[in-house]
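What you see is a predicted model, and the numbers here were worked out from it, not measured in a lab. If you read the sequence from its start, that first residue is 1, and numbering goes on from there.
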Amino acid sequence: MKTNYTKKRLKEIVSVSVKHGLKGGINNPSQLREALEELGPTFIKIGQILSTRPDILSKEYILELQRLQDDVKPEKFEMVKNAIESELNNPLEENFAIFEEEPIASASLSQVHYAELKTGEKVVVKVQRPNAKKMMMADIDILRKLAPFINLTPTGSAMDAKEVIEELAAATKKELDFINEAKNTKCFREKNKDVKFILCPKIYEDYCTEKIIVMDYIEGIKIDNIDKLKEEGYDLKDLATKLTYNYFKQIFEDGFFHADPHPGNIFLCGRKIGYIDFGLMGVLDDNLRKKFNEFLEAVANRDVNLMTKSVMKIGQKRGPVDRSRLYEDIEIIYDQYIEESIQDYDLPQIIEEIFKVCKDNNIYMPKDITLLVKGLMTIQGLIAKLDSEINIMDIALPYVKEHITNEKLKDLNSIETLRSLYEIIKSNLILSSKIIELIEQIKAGNLRTQIEFKESEEASNELNKMVNRLIFGMIVAGLVVSSSIVINANVGLKIYGISAFGLIGYLGAAIAGFWLLISIIKSGKL
C-alpha cells in the first residue's frame with residue numbers, strides 16, 4: 001500500500017513541479033506557491049513552515065508563501081467522532097455534554113470544534129485529521145528522494161535541499177504531536193501567570209492525546225479588528241505597548257516565546273490579550289539568550305564593534321569570515337534603519353538584509369533565532385496596525401537595558417553585597433594605614449630617600465594636611481562605590497523603593513566631599 005502511494009505521489013509531485021517550472025530549481029515565488037497549493041494540504045503546511053524562515057527564503061518568497069490558504073474542507077463529523085472516541089476510549093457523549101458538529105476552524109492537519117465538558121467548562125477540541133501524520137511524513141520521505149533533482153531553495157540560499165527537508169521533518173513532527181502543544185501551552189501559561197493583561201487557555205490533560213487537545217474556549221475580538229476595538233473603547237496605543245512589552249518579556253526573561261503571533265492567534269478578551277495555538281514555539285537556551293542579549297546590549301549602546309562580535313558568536317561559520325567586511329555591513333544597516341520611526345521602514349526588508357549580510361559573510365543563524373526574527377516581524381506588523389506612531393525601539397531599548405542590568409545583578413544577594421562593601425572599606429583602610437605608616441617613617445627620619453626634607457614643623461604640617469586630604473578623598477570614593485553596589489543590589493530597608501543604606505552612603509559621601517572641597521578652597525591651594 002505504501003509503495004503504491006509512494007509511486008503515485010512521486011509521479012504527481014514531479015508532474016506538478018515540471019508544470020510550474022520548478023524542475024531546474026525555484027526561481028519564481030508565485031510558481032512555488034501555486035505548486036504547493038496544487039499538491040495539497042501537506043505541501044501547504046510545508047510552505048507555511050518555510051514562510052517562517054527568512055534565512056532560507058528572501059522577502060518575495062516569504063510574502064508569497066504567507067498567502068497560502070489553510071482553510072480546507074472539513075472532515076465528515078462521523079470521522080471526527082470516531083477519531084475522538086478511539087483516542088479517549090469512550091463514547092463522545094460520556095466526555096462532552098455538548099459537541100458542535102460544525103467546526104469553528106478547519107486547517108490542513110486538524111480542525112477545531114466547540115464543546116462543553118460534563119462539568120460545564122466551555123472548551124475547544126482540536127482533532128488531528130485521520131492519516132494526516134502518515135501522509136505528511138510519506139510526502140517528506142518522497143522529498144528526501146527528490147532533493148538531488150528538485151531543489152527546494154532559491155539560488156544562493158545558505159542551506160541546501162537536504163538540510164531544509166530535515167528541518168521540515170523535525171518541525172512537522174512537533175506540530176503533529178498535540179502532547180507537545182499541550183506542554184507548550186501549560187509552560188506559556190505558567191510563565192505569564194503574573195502578567196495581569198495576558199490570557200492563556202487552560203489545558204484539560206485528561207482529554208489530551210497525541211492527536212487530540214482540549215483547552216479553554218477563548219472568545220474575543222481579533223487583535224487586527226481595529227474598528228471593533230475602537231468601538232469597544234480600547235486604547236490602541238496602550239494595547240500596542242503592552243503587546244510589545246510582553247513579547248520582549250517572552251524573549252529576554254522567559255526564553256520561551258510564541259513563534260507564530262499572527263492576528264488569528266491573538267484575541268482581546270475583556271481587557272486581556274489572549275494567545276492561542278502553541279504548536280510552534282521558540283526556545284532560547286541560557287547560552288543562546290546570553291549571546292543574543294549581548295547583541296541587544298550592543299544595539300542599545302550603539303556599539304557596532306560588539307554587534308559584530310555578537311553576530312559571530314550567535315551564528316555558525318560556514319567558511320572564512322572577513323571581520324572587517326562584516327563590521328562595515330552591519331554598520332551600514334544599523335545607521336540606515338535604527339533611528340527611523342516604525343511607519344517609515346519595512347521590517348521584512350531589514351530582516352532580509354541582515355540575513356543576507358550573514359549569508360554573504362559565511363554565517364548561518366540557528367533555527368531558534370530565525371523563529372525569533374519571524375515572531376518579531378509579525379508583532380511589528382500588528383503594532384503598526386494598532387498605532388503607526390509608536391516606535392518599537394522606544395519600548396525595546398529601555399526594556400533591554402533594564403533586563404541586562406537585572407541579569408547581571410540577579411545573583412547578587414545581601415551577603416555578597418555586604419562582603420563587597422567590606423572588601424572595599426578594608427582596601428581603603430589598608431591603603432590609608434600604609435600612607436600613615438609612610439608619614440610616620442618620614443617624620444622619624446627612617447625612610448631612605450634621595451629627597452632632603454627640612455626639619456621644619458611647618459613643612460611637616462603641610463605634608464600631613466596633604467596626605468589627610470588624600471585619605472579623606474579615598475574614603476569618599478569608597479563610600480560612593482559601595483553605596484552604588486548596595487543600591488544596584490536593592491537590599492535592606494527601602495525608602496521610595498531605593499535601598500536606605502545606599503542613600504545614607506551617598507548622603508555621607510556628598511557631605512564629606514563638600515566639606516573636603518571647602519577646606520581645600522579655604523587653604524588657597526586649589
**Message:** Please evaluate residues E181 and D277 with respect to the criterion side-chain contact (heavy atoms from CB on, under 4.5 Å), reporting the C-alpha separation (whole Å), side-chain torsions for both, the decisive distance (0.1 Å), and the verdict.
**Reply:** CA-CA 8 Å; E181 183 176 344; D277 193 350; 3.8 Å; yes

For a 4.5 angstrom cut-off between non-hydrogen side-chain atoms, does [X] reach [Y]?
X	Y	result
T308	R323	yes
I44	L39	no
L326	I363	yes
T241	I383	no
L268	N225	no
R9	D139	yes
R144	E166	yes
M312	K317	yes

Mind listing the closest non-hydrogen atom pair of [X] and [Y] along with its distance?
X	Y	result
L382	P263	CD2-CG, 3.4 Å
F256	V283	CD1-CG2, 3.9 Å
I165	L143	CD1-O, 3.2 Å

Using 0.5 Å steps for rounding, measure from the [atom1] atom of [X] to the [atom2] atom of [Y].
X	Y	atom1	atom2	answer
I369	Q316	CD1	CD	10.5 Å
D387	T244	CG	OG1	9.5 Å
L239	I223	CG	CD1	6.0 Å
Y327	M307	OH	CE	8.5 Å
H20	S15	NE2	OG	9.0 Å
D329	I333	CG	CD1	7.0 Å

Determine yes or no for a side-chain-to-main-chain donor-acceptor pair under 3.5 angstrom, with [X] supplying the side chain and [Y] the backbone.
X	Y	value
H258	Q250	no
D322	S324	yes
Y247	F257	no
N265	P261	no
R318	Y364	no
D260	L280	no

Does this structure show an ion pair linking [X] with [Y], if we count only N-O contacts that are shorter than 4.0 Å?
X	Y	answer
D141	K145	no
K19	E38	yes
K173	D177	no
E328	R325	no
K133	E210	yes

**Prompt:** Is it true that atom NZ of K237 has more than 12 heavy atoms of other residues, nucleotides or ligands lying nearer than 6.0 Å?
**Reply:**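 Atom NZ in K237 is crowded, with more than 12 foreign heavy atoms closer than 6.0 Å.
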
**Message:** Run the side-chain contact (heavy atoms from CB on, under 4.5 Å) test on F43 and I13 for me, step by step, so that the C-alpha distance in whole Å, both residues' side-chain angles and the decisive distance to 0.1 Å come before the verdict.
**Reply:** CA-CA 10 Å; F43 276 78; I13 292 170; 3.6 Å; yes

Only distances under 3.5 Å count here; give the side-chain donor-acceptor pairs of residues 188-201 to other protein atoms, sequence neighbours excluded, each with its distance to 0.1 Å.
| unit_1 | atom_1 | unit_2 | atom_2 | d |
| --- | --- | --- | --- | --- |
| R189 | NH1 | C200 | O | 2.6 |
| E190 | OE2 | K193 | NZ | 2.8 |
| N192 | OD1 | N246 | ND2 | 3.0 |
| N192 | ND2 | F188 | O | 3.0 |

**Request:** Under the side-chain contact (heavy atoms from CB on, under 4.5 Å) rule, what do I266 and L243 come out as? Steps first, then yes or no, please.
**Result:** CA-CA 10 Å; I266 306 178; L243 186 66; 4.3 Å; yes

**Asked** Which word best sums up how the rings of Y275 and F278 line up, parallel for under 30°, tilted for 30 to 60°, or perpendicular for over 60°?
**Response** tilted

**Steps toward side-chain contact (heavy atoms from CB on, under 4.5 Å) verdict (S310, F292)** = CA-CA 7 Å; S310 302; F292 190 65; over 6 Å; no

**Asked** Of K309, K313, R289, which meets side chain to side chain donor-acceptor pair (under 3.5 Å) against E294?
**Response**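 With E294 as partner, K309, K313, R289 yield a single side chain to side chain donor-acceptor pair (under 3.5 Å), made by K313.
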
